[in-house]
Amino acid sequence: MVLVMLSVAEITAFLRDGFVAIRQAVPPQVVDACVEVVWARLAERGVQRDDPSSWTAPVVRIDCPERGHDGRPFAQAGTARPLWEAYDQLIGPGTWWKRQGVGGTIPVRFPHPADPGDAGWHIETSFQSGDTWRTNIRSRDRGLLALFLFTDVGLRDAPTRVRVGSHTDAARVLEAAGEDGLDLASAGPLLEASAARPVAHVTGAAGDVYLCHPFLVHAASWPHRGTTPRIMAQPGVALLEPFRLADRERAYPVERAILSALEGGS
Ligand SMILES: O=C(O)CCC(=O)C(=O)O
């Protein structure tokens, strides 16, 4: 396959910042169909698209539909060609699960003054061990975090916050935690390590998808000061085998960023 999606400059920025935006990755008609399904699911919970008085909570989460009629537009979104090309470029062909869907949850954030209670800084965990969900330096089971914007998201619309370059800090803390890695309860030092990093906001147009390094420290934001609910999915792109972390020259960017961090890069 000829890889054309991400330029050298974008890959360089991904290595440095820990994320890259794929603008208009999902076609508008697919976005619209996904949004229709999300509102149908919200309506089952009494939350109506055309009735702001029913927007009584700052956030309502639904599981991203994967099957049947409701799953169809999400399958189209999740298999959009620009994304799969970018996954090949960032993680490597044959190394990630070609999911016929988007996956994960969809936190729908509403214009609302209250603290949603889920807006703390964190990285995503990726594998289960006993009773805990954990992340380790080989990023077992997770190649990327993808943020699918299904609505336009401006600075007033509760955009996700990301700490620019925090994947590097996180890698160093995860290395010290060895193969077992860390769970969320013990991730304090990992989060503190990037506290001084600049913050960027995941803004853009419906159909844009941000691809983030699995170690990127991020958080929801609040309050939502806009007028229309923000709809975003935040699945992982599953890694078939943990990174070997053996050969920096041959590694694809996600793995290379980890190796660079461990060698002292910024
Ligand atoms: O809704 C958001 O902006 C981000 C949510 C998030 O990071 C999470 O639920 O893990």
Side-chain angles (χ1 to χ4, degrees), residues 17-22 31 34-35 38-39 41-42 45 47 55 57-65 74 77 102-128 132-135 139 141-164 166-167 169-170 181-188 190-191 194-195 197 199-238:
D17 299 339
F19 62 95
V20 63
I22 313 284
V31 170
C34 291
V35 167
V38 170
W39 278 110
R41 293 285 170 102
L42 291 171
R45 302 192 193 184
V47 183
W55 305 347
V59 61
V60 177
R61 275 178 198 262
I62 62 169
D63 290 329
C64 195
F74 291 97
V102 170
T105 64
I106 302 179
V108 183
R109 298 195 183 272
F110 294 86
H112 199 287
D115 182 345
D118 65 349
W121 292 105
H122 62 284
I123 63 168
E124 299 300 322
T125 52
S126 62
F127 67 95
Q128 198 168 11
T132 58
W133 278 92
R134 313 181 74 82
T135 308
S139 200
D141 292 350
R142 182 183 288 261
L144 287 165
L145 165 67
L147 304 176
F148 283 67
L149 274 50
F150 286 114
T151 52
D152 294 347
V153 182
L155 284 174
R156 298 174 64 80
D157 303 319
T160 309
R161 297 171 285 163
V162 298
R163 286 183 180 162
V164 181
S166 55
H167 59 308
D169 311 309
L182 296 173
D183 63 3
L184 284 182
S186 52
L190 182 152
L191 304 176
S194 60
R197 291 277 184 182
V199 172
H201 295 88
V202 176
T203 56
D208 293 352
V209 177
Y210 280 63
L211 300 181
C212 306
H213 194 281
F215 300 165
L216 191 72
V217 176
H218 62 282
S221 68
W222 70 282
H224 183 323
R225 294 193 181 86
T227 54
T228 52
R230 187 221 65 175
I231 303 176
M232 187 193 78
Q234 39 146 30
V237 177

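Every number for a ligand or one of its atoms is a count from 1 in the order of the listing.
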Revision key, fill the gap. In ligand 1, the atoms that come under 4.0 Å of a heavy atom of Pro107 are 1 (O)
Review point. Using heavy atoms and a threshold below 4.0 Å, how should the contact between Ala220 and ligand 1 be classified: side chain, backbone, both, or neither?
Key: both
Point to revise | Option nearest atom 2 (C) of ligand 1 (shortest heavy-atom distance, choices Arg230, His218, Glu124, Arg61) | key: Arg230
Review point. So, Asp183 versus Ser186: side-chain donor-acceptor pair below 3.5 Å or not?
Key: yes
Review point. Would a distance-only check, ignoring hydrogens and angles, find a side-chain to backbone donor-acceptor pair under 3.5 Å from Arg230 to Ala158?
Key: yes
Practice item. Verify, without hydrogens or angle tests, whether Arg161 (side chain) and Val217 (backbone) share a donor-acceptor contact under 3.5 angstrom. Key: no
Review point. Taking the side chain from Tyr210 and the backbone from Leu145, do they hold a donor-acceptor pair closer than 3.5 Å?
Key: no
Exercise for review: Answer yes or no for His122: is there a heavy-atom contact with ligand 1 below 4.0 Å?
Suggested key: yes
Point to revise | Atom pair OG1 (Thr228) and CG (Asp152), whose distance is rounded to the nearest 0.5 Å | key: 8.0 Å
**Study point:** Proximal candidate to atom 3 (O) of ligand 1 [heavy atom criterion; set Ile231, Val153, Thr160, Val162]
**Key:** Thr160
Review point. What atoms of ligand 1 come within less than 4.0 Å of a heavy atom belonging to Gln234?
Key: 5 (C), 6 (C), 7 (O), 8 (C), 9 (O), 10 (O)
